[in-house]
Amino acid sequence: MKLKSVFAAILLVAFFAAAAFGAEYTINAGIGLNDKSAQFQSLKFFKEVVEKNSGGKIEVVLFHSSQLGDDRTMMEALKMGTQEMTCPSTAPMTAFVNAYKIYDLPFLFANEEVADYILDGPVGKKLLDMLPAQGMVGLAYWENGFRMLTNNSHSVKAPEDLKGLKIRTMENPIHLAAFKVMGANPTPMAFGELFSAMQQKVVDGQENPWGTIFLQNYFEVQKFATDTGHVYSPFVLLIGKGFWDGLPDDMKAVVQDAADQAKIHNRELNRKMNAEYLEKLKEKMEVTILTPEQKAAFQEACQPIYDQFAKDIGEDLIKEVQQFISEYKK
Ligand code: KDG
């Protein structure tokens with residue numbers, strides 16, 4: 001038998017053996033966004049790398065569109081060991097680790113590059129290190145992105161235009177306070193309930209990155225959009241601590257490496273998609289692109305939030321982040 005055929009035979013035997021015995025570990029991974037999102041595409045990338053590099057020992061099963069529940073429910077499930085993986089926005093993570101509120105400060109990051117610098121630096125790591133005490137392990141920061149406002153009443157060009165608008169926010173006290181101080185009437189809600197809430201006019205508007213606004217078809221129920229970019233939303237790829245502790249070291253290394261590779265893929269894809277979907281949305285909604293002066297008015301309106309939450313978040317942590325941000329600018 002030729003060498004090539006021997007190899008093919010070995011591979012075939014290995015394949016059938018894996019199929020017969022099944023994977024040793026199963027990671028059930030769920031998210032709120034749908035299967036067209038950059039987040040789901042990145043999870044598919046993660047799955048391929050893990051399954052290949054673990055030699056089939058780990059199987060990753062993917063769920064989207066809140067099939068396993070909302071961000072908060074899935075984090076609870078990780079803690080209880082009934083689900084292995086999720087990838088929430090950091091905003092609802094503040095219910096478990098208060099320090100994550102740092103990322104909710106309005107207009108903290110000027111662009112994606114400074115966000116990467118902070119998230120991949122010592123502050124980002126310090127916050128990931130707080131998760132095991134809560135029964136979760138943070139593998140990597142992926143990206144949700146800068147959040148933009150939509151509504152179904154009128155075009156918003158200044159904070160005053162927010163007056164009376166009922167806006168859905170994530171379940172996070174800083175997001176609520178920021179929209180209040182800008183003049184809106186905010187209400188927290190799980191992501192999975194948002195589309196029908198807008199359709200049934202329970203809320204007038206919401207805020208999410210361009211990719212989500214397009215891919216979740218929000219333009220069908222929202223006429224107006226504004227590029228407020230009021231906060232940058234990171235995602236954290238989370239794995240349950242109980243499950244993680246049960247993995248042998250070589251499999252932990254495979255999962256960590258796949259999470260890091262998928263992070264790079266995710267950030268590139270997300271940025272590309274957000275830019276593309278903004279252009280597509282311009283054909284479907286009235287999109288306002290703010291001038292720097294108009295944007296500054298929103299930033300100024302949100303300024304009191306920094307004082308309001310200084311003690312809660314920790315003045316030292318805020319100073320530390322601001323110090324790193326100013327270093328980055330130099
Ligand atoms: O998959 C992520 C979603 O569950 C959620 O985090 C999306 O930004 C989001 C929101 O507005 O809830």
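Counting starts at 1 for both ligands and their atoms, following the listed order. Heads up: numbering here begins at 1 and tracks the sequence.
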Query raised in the report: Mind checking whether Phe324 and Tyr117 have side chains closer than 4.5 Å, heavy atoms only?
Result: yes
Query raised in the report: Between Lys263 and Asp120, is any pair of side-chain heavy atoms under 4.5 Å apart?
Result: yes
Relative to the heavy atoms of [X], which atoms of ligand 1 are at a distance of less than 4.0 Å?
{"X": "Met170", "value": "8 (O), 9 (C), 10 (C), 11 (O), 12 (O)"}
{"X": "Phe235", "value": "2 (C), 6 (O)"}
{"X": "Asn144", "value": "8 (O), 9 (C)"}

Query raised in the report: Which of parallel (below 30°), tilted (30 to 60°) and perpendicular (above 60°) describes Tyr277 and Phe214?
Result: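 Parallel.
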**Report entry** Nearest-contact summary for atom 1 (O) of ligand 1 - protein heavy atom, Å
**Finding:**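 Checking every protein heavy atom, the shortest distance to atom 1 (O) of ligand 1 gives Gln39 OE1, 2.7 Å.
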Query raised in the report: Where is the nearest protein heavy atom to atom 3 (C) of ligand 1: which residue, which atom, and how far?
Result: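 Atom 3 (C) of ligand 1 sits closest to the protein heavy atom Asp71 OD1, 3.7 Å.
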**Report entry** Backbone N/O of Met93 and side chain of Thr90: donor-acceptor pair under 3.5 Å
**Finding:**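 Judged by distance alone, no pair lies under 3.5 Å.
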Query raised in the report: Is a side-chain N or O of Asp307 found less than 3.5 angstrom from the main chain of Pro304, in a donor-acceptor match?
Result: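 No, because the side chain of Asp307 does not come within donor-acceptor range (under 3.5 Å) of the backbone of Pro304.
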Query - Check: Glu207 N/O within less than 3.5 Å of ligand 1 N/O - result: no
Query raised in the report: Is the closest N or O pair between Pro88 and ligand 1 shorter than 3.5 Å?
Result: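 In fact, backbone or side chain, Pro88 has no N or O that close.
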Requested in this report: For the residue pair Glu84 and Asn28, confirm or rule out a side-chain donor-acceptor distance under 3.5 Å.
Outcome: yes
Report the part of [X] in contact with ligand 1, treating N, CA, C, O as backbone and CB onward as side chain, heavy atoms under 4.0 Å; options are side chain, backbone, both, neither.
{"X": "Thr212", "answer": "neither"}
{"X": "Leu33", "answer": "both"}
{"X": "Asn208", "answer": "side chain"}

Query raised in the report: Are the ring centres of Tyr141 and Phe235 closer than 6.0 Å?
Result: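 No; Phe235 has its ring centre 6.0 Å or more from that of Tyr141.
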Query raised in the report: Hey, would you say the His230 and Phe146 ring centroids sit under 6.0 Å apart?
Result: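 No - the distance between ring centres of His230 and Phe146 does not fall below the 6.0 Å cut-off.
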Requested in this report: Give a yes/no verdict on whether any heavy atom in Arg147 is under 4.0 Å from an atom of ligand 1.
Outcome: yes
Query raised in the report: Which is closest to atom 12 (O) of ligand 1 by heavy-atom distance: Arg168, Glu171, Gln206?
Result: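 Nearest option to atom 12 (O) of ligand 1, by heavy atoms: Arg168.
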